[in-house]
Amino acid sequence: VVTALLPSLAERWALRDLDGMKQRLGEGLRLVAFLVIPAAIALGILSYPIIAVFFGYGNFDTSDTALVAKVLAFFAVGLVPFTLFMLALRTFYAMKDTRTPFLVNVVATAVGIPLYVVLSGPMGIYGVALGYALSYVVAAVLAWLLLNRRLGKIVSRSDATAIGRILVACIPFTAVMAVVVLVNRIFNSGSSLVWFVAEVLIGTLVGLVVYVGFARVVGGVVAFGVFVVRHPLVVMTGERRARRQRLGRQVSVLVVHAV
């Protein structure tokens with residue numbers, strides 16, 4: 001998502017097309033909201049079965065699984081701000097500005113280290129994960145404030161509305177995944193790997209269907225295909241193909257005239 005936006009943003013900046021640049025950023029924000037918010041929720045709710053599936057065997061017992069799962073859940077808190085932070089950094093890079101990302105990273109580190117120390121006291125390893133997540137909340141807020149100062153208002157009313165509707169669609173998504181986890185806890189009293197795999201697959205698939213379906217109902221997105229088609233990587237690929245076709249026609253005309 002973030003990497004694919006960089007060439008398009010750099011092109012808009014080179015053309016001094018600030019409106020086009022902000023439009024692409026808005027599209028990036030919508031895509032991040034649509035993909036990363038439910039991913040963070042899924043990682044938080046399904047953290048235990050995910051860790052159980054990939055690591056819950058051998059010397060890795062149930063207490064180890066529970067510990068690592070909770071750490072993953074706390075890290076999931078920082079997934080959205082981390083992605084927003086990376087999107088802002090790529091935007092600065094597109095503007096040929098490496099100084100601002102460096103300074104924002106310095107602030108994030110300066111905020112993060114005390115948080116690790118303070119939170120690790122009462123929370124242990126969970127405090128380190130939570131401090132890491134919170135440091136990126138600060139970094140993302142600071143980076144986007146600086147971007148707004150540089151480019152003007154970035155998030156349009158339509159962007160804010162779409163993101164709000166996506167958040168609404170996350171409510172039934174979260175509820176469905178929570179129900180799947182609860183049902184699995186009732187019937188899977190042991191540590192059966194099959195049940196954990198089923199929990200991850202069913203929770204993800206059913207939750208995804210409910211999420212996309214509810215998003216269509218509330219009008220946040222028409223369908224997932226809309227995001228795929230409008231993804232900057234796909235758009236740029238189409239633009240390159242169109243340029244090659246135009247170049248081919250020009251070469252053909254030159255050949256015909258030469259003959």
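Bear in mind the structure is a predicted one, so any value in this text is a computation, not a measurement.
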Val137 and Phe85: CA distance, side-chain angles, deciding distance, side-chain contact (heavy atoms from CB on, under 4.5 Å) verdict: CA-CA 8 Å; Val137 171; Phe85 172 68; over 6 Å; no

What side-chain donor-acceptor pairs closer than 3.5 Å can you find for residues 65-75, not counting sequence neighbours?
from, atom 1, to, atom 2, distance (Å)
Thr65, OG1, Asp61, O, 3.0

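- Atoms CG and CE, from Leu9 and Met95 in turn, are 10.0 Å apart once rounded to the nearest 0.5 Å.
- Between the side chains of Arg24 and Thr91, not a single donor N or O lies within less than 3.5 Å of an accepting N or O.
- Atom CD1 of residue Ile166 and atom CD1 of residue Ile163 lie 6.5 Å apart, to the nearest 0.5 angstrom.
- Taking OG1 of Thr83 as the start and CG of Leu35 as the end, the distance is 9.5 Å to the nearest 0.5 Å.
- A donor-acceptor distance shorter than 3.5 angstrom exists from the side chain of Ser120 to the backbone of Val117, with no hydrogens or angles considered.
- The local environment of CZ in Arg157 is sparse, with at most 12 non-hydrogen atoms from other residues, nucleotides or ligands closer than 6.0 Å.
- Between Leu147 atom CG and Leu87 atom CG the span is 8.0 Å, to the nearest 0.5 Å.
- Shown here is Phe60, whose CZ atom has more than 12 heavy atoms of other residues, nucleotides or ligands within 6.0 Å.
- Between Arg90 and Leu6 the shortest heavy-atom distance is O-CD1, 3.2 Å.
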Please tabulate, for side-chain N and O atoms in residues 107-114, each donor-acceptor pair with protein atoms closer than 3.5 Å (sequence neighbours left out).
from, atom 1, to, atom 2, distance (Å)
Thr109, OG1, Asn105, O, 2.9

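- Pairs engaging residues 125-146 under the side chain to side chain donor-acceptor pair (under 3.5 Å) rule: none recorded [sequence neighbours left out].
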